[in-house]
Amino acid sequence: MTDRPGIVITGGSGRMGQMLIRTVLDSDKARLVGVVERSGHAWVGQDVGVAMGGAAIGVNVTDDALEAFSKAQAVIDFTAPEATLEFAALAAQARAVHVIGTTGMSETQIAQLEPAARHAAIVRAGNMSLGVNLLVQLTKKVAAALDEDFDIEVIEAHHHHKVDAPSGTALMLGEAAAEGRGVTLSDVSDSGRDGITGARKRGDIGFSAIRGGDIVGEHDVLFAAAGERIVLRHMATDRAIFARGALKAALWGQDKAPGQYDMVDVLGL
């Protein structure tokens, strides 16, 4: 036996999945005990090291998530909303910490995580990086300090493969700004402007999304008033920061009671 928690990575063939696998393999604090892919995927049944183009490591890719989770102390999941909901129920059965980096989840889907959280710890965040979570806290403080004379815009940029907009991080920042202002984001959100939209409504929180090339992730929160602007910015140049944050969350969750947590809890901010 070892005191290093066993980790399962879901969606292992994806770019983030492979980064997570490498991060766990490189860690001296955790063990890779499973990799999950969808049924019919070419990787299923292969040693994951070989599937990734390297040497065998003794961990085969499986499409049986429950069997994999039953051997693990934590599951790290950067997949899709529907898959994440299924994985949440299975991780809860296995009493494994479920770290969720999946973005694009609706409020209804997020609410559907609650039954699983009664049985296991869930750590969910739109972004797992330390810098972004510090930016969230700064955004909340600045929004609380400034009145509606300052318009708030969240501007985000990502690679051309990203399928959801605004990004999960942008929504985190929008929620932080709304909380700082003492309002509900859904009541003041303004995104997808096109055509003759009319003047900006006072107090709205706007979102703009840029997609192109291989941009890992860039987020600006703009506070703009007559004669002055404040810009809070975070730029990610290597998605390894998200993998390291996710592993930190998986390790942090080992002694936590069932419930829902976020990176603010993990980082003690």
Side-chain angles (χ1 to χ4, degrees), residues 15-16 78-82 84 100-112 124-129 131-237 239 241-242 262-264:
R15 288 176 303 161
M16 195 63 216
F78 283 65
T79 55
E82 296 78 9
T84 290
I100 300 174
T102 302
T103 61
M105 297 186 75
S106 68
E107 289 300 319
T108 298
Q109 289 169 325
I110 291 170
Q112 290 172 356
R124 186 185 66 83
N127 193 299
M128 296 284 174
S129 89
V132 160
N133 284 278
L134 288 172
L135 179 60
V136 168
Q137 300 306 305
L138 290 171
T139 297
K140 187 186 305 181
K141 289 180 180 297
V142 174
L146 301 175
D147 63 21
E148 291 184 352
D149 286 342
F150 282 81
D151 298 322
I152 302 176
E153 287 282 323
V154 181
I155 305 129
E156 53 104 341
H158 284 87
H159 52 85
H160 58 211
H161 296 291
K162 189 166 179 63
V163 298
D164 58 305
S167 69
T169 303
L171 292 171
M172 284 172 61
L173 294 166
E175 290 283 3
E179 186 176 342
R181 283 245 168 116
V183 296
T184 301
L185 181 60
S186 60
D187 293 338
V188 297
S189 178
D190 181 12
S191 61
R193 302 186 190 101
D194 186 33
I196 306 301
T197 61
R200 179 191 174 97
K201 183 180 176 183
R202 180 179 171 87
D204 275 0
I205 296 173
F207 293 89
S208 299
I210 297 165
R211 297 289 178 267
D214 61 354
I215 302 169
V216 173
E218 300 176 4
H219 294 86
D220 289 358
V221 185
L222 169 67
F223 297 85
E228 60 181 329
R229 286 176 289 174
I230 299 167
V231 181
L232 304 178
R233 169 172 289 181
H234 179 271
M235 300 178 69
T237 57
R239 61 178 41 86
I241 64 172
F242 310 128
D262 58 23
M263 287 301 286
V264 172

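Owing to the predicted nature of the structure, the values given are computational and were not obtained by experimental measurement.
- The CE atom of Met235 lies 8.0 Å from the CG atom of Asp220; values are rounded to the nearest 0.5 Å.
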Step-by-step side-chain contact (heavy atoms from CB on, under 4.5 Å) determination, Asp190 to Phe207: CA-CA 6 Å; Asp190 181 12; Phe207 293 89; over 6 Å; no
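- In plain terms, the two heavy atoms of Phe242 and Phe78 that are nearest each other are O-CZ, 4.3 Å.
- Remark: Met105 CE to Leu171 CG distance equals 13.0 Å, nearest 0.5 Å.
- Between the side chains of His234 and Thr169, not a single donor N or O lies within less than 3.5 Å of an accepting N or O.
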Check against side-chain contact (heavy atoms from CB on, under 4.5 Å), Arg181 and Glu148: CA-CA 9 Å; Arg181 283 245 168 116; Glu148 291 184 352; 3.9 Å; yes
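- Inter-residue side-chain proximity for Arg200 and Arg193 is flagged as met; some heavy-atom pair is nearer than 4.5 Å.
- Residues passing the salt bridge (Lys or Arg N to Asp or Glu O under 4.0 Å) test with Asp262: none are found, sequence neighbours excluded.
- With a 6.0 Å radius and a threshold of 12 heavy atoms from other residues, nucleotides or ligands, Arg229 has its CZ atom at or below the threshold.
- The line from CD1 of Ile205 to CD1 of Ile152 is 4.5 Å long, rounded to the nearest 0.5 Å.
- Using a 4.5 Å heavy-atom threshold, the side chains of Val188 and Val183 count as touching.
- Pro81 places a side-chain heavy atom less than 4.5 Å from the side chain of Thr102.
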Derivation of the side-chain contact (heavy atoms from CB on, under 4.5 Å) call for Ile210 and His158: CA-CA 6 Å; Ile210 297 165; His158 284 87; over 6 Å; no
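- For Glu82, the salt bridge (Lys or Arg N to Asp or Glu O under 4.0 Å) test picks out no residue, with sequence neighbours left out.
- Between Phe150 and Glu228 there is a side-chain heavy-atom pair separated by less than 4.5 Å.
- Put simply, the side chain of Gln137 reaches to within 4.5 Å of the side chain of Val264, judged on heavy atoms.
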Worked verdict on Lys140 versus Glu175 for side-chain contact (heavy atoms from CB on, under 4.5 Å): CA-CA 8 Å; Lys140 187 186 305 181; Glu175 290 283 3; over 6 Å; no
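- Residues Arg202 and Asp151 are not paired through a salt bridge, judged by the lack of any N-O separation under 4.0 Å between the basic side chain and the carboxylate.
- Using a distance-only test at 3.5 Å, with no hydrogens or angles considered, a donor-acceptor pair links the side chain of Ser106 to the main chain of Gln109.
- No side-chain heavy atom of Val231 sits under 4.5 Å from any side-chain heavy atom of Val221.
- Checked by atom type and distance alone, the side chain of Ser189 never pairs as donor or acceptor with a backbone atom of Leu185 at under 3.5 Å.
- In this structure, Leu146 and Ile230 have side chains that are in contact, with non-hydrogen atoms separated by less than 4.5 Å.
- In this structure His160 satisfies the side-chain contact (heavy atoms from CB on, under 4.5 Å) test with no other residue, sequence neighbours excluded.
- Between Ala209 and Ala165, the shortest heavy-atom distance links the atoms CB-CB, 4.0 Å.
- Atom CG of Asp147 has more than 12 neighbouring heavy atoms from other residues, nucleotides or ligands inside a 6.0 Å radius.
- Residues His159 and Val216 share a closest heavy-atom pair of CD2-O, 4.5 Å.
- Once rounded to the nearest 0.5 Å, the distance linking CG of Leu232 with NE2 of His219 reads 13.0 Å.
- What you find for Val136 and Ala176 is that their closest heavy atoms are O-CB, 3.5 Å.
- Between the Thr84 side chain and the Ala80 main chain, a donor and an acceptor come within less than 3.5 Å of each other.
- Here Asn127 contributes atom CG and Met172 contributes atom CE; the two are 6.0 Å apart, rounded to the nearest 0.5 Å.
- Side-chain contact between Lys162 and Arg211: present, with at least one pair of heavy atoms (C-beta onward) separated by less than 4.5 Å.
- Considering every non-hydrogen atom in both Ala170 and Glu156, the closest pair reads CB-CG, 3.8 Å.
- Going from atom CG of Asp204 over to atom CD of Glu153 covers 9.0 Å, rounded to the nearest 0.5 Å.
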